[in-house]
Amino acid sequence: RARFSELNRAYLARLEPLVGTLAEREPPAADCRLIAGGLSAILDGLWIESQIGHGHGEADWTRARAICRAYLGAFFPKSFGAETNR
């Protein structure tokens, strides 16, 4: 538990500045730490799903990216909105 907590803190310490960089260009209505925490939870869930899910390869990763983009698009629509999909 202690090691997991340590790794999770280090992970969030790297993720929060990335969200902060987005917020500099497009200030969100929510706290960046909360956004980073939500993204971390989504990524954890997607990783678990990839390990125990149906294993559809690239289709799973395409879906995972779409889920992350939808989440981030709720806070940063100019950066992750439909018109930015490539």
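Fair warning: this is a prediction, and the values are worked out from it, not measured in the lab.
Interatomic distance, CG of Leu72 versus OG of Ser79, reported as 9.0 Å (0.5 Å rounding). We find the CZ-OG distance between Arg33 and Ser40 to be 12.0 Å, quoted to the nearest 0.5 Å. Rounded to the nearest 0.5 Å, atoms CZ (Phe80) and CD (Glu26) are 9.0 Å apart. Rounding to the nearest 0.5 angstrom, the gap separating the CD1 atom in Ile67 from the OG1 atom in Thr62 is 11.0 Å.
Among residue pairs with one or both ends in residues 37-46, none qualify as salt bridge (charged side-chain N to carboxylate O under 4.0 Å, His left out); sequence neighbours excluded.
A search for side chain to side chain contact (heavy atoms under 4.5 Å, CB included) contacts involving Leu34 returns Asp31, not counting sequence neighbours. Partners of Gln51 by side chain to side chain contact (heavy atoms under 4.5 Å, CB included), not counting sequence neighbours, listed by chain and number: Trp47. Looking at residues two or more places apart in sequence or on another chain, you find a ring pair (Phe, Tyr, Trp, His ring centres under 6.0 Å) between Phe75 and Tyr71. Residues that satisfy the side chain to side chain contact (heavy atoms under 4.5 Å, CB included) test with Ala41, not counting sequence neighbours, are absent from this structure.
Summarising the geometry of Ile35 relative to Ala30, their closest heavy-atom pair is CD1-O, 4.0 Å, with the distance given to 0.1 Å.
Contact check on Arg63 versus Glu49 returns a salt bridge, with a Lys/Arg side-chain nitrogen under 4.0 Å from an Asp/Glu carboxylate oxygen.
With hydrogens and angles disregarded, a donor-acceptor distance shorter than 3.5 Å links the side chain of Ser5 to the backbone of Arg1.
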Donor-acceptor pairs under 3.5 Å, side chain of residues 7-24 to any protein atom, not counting sequence neighbours: which ones?
from	atom 1	to	atom 2	distance (Å)
Thr21	OG1	Pro17	O	3.0

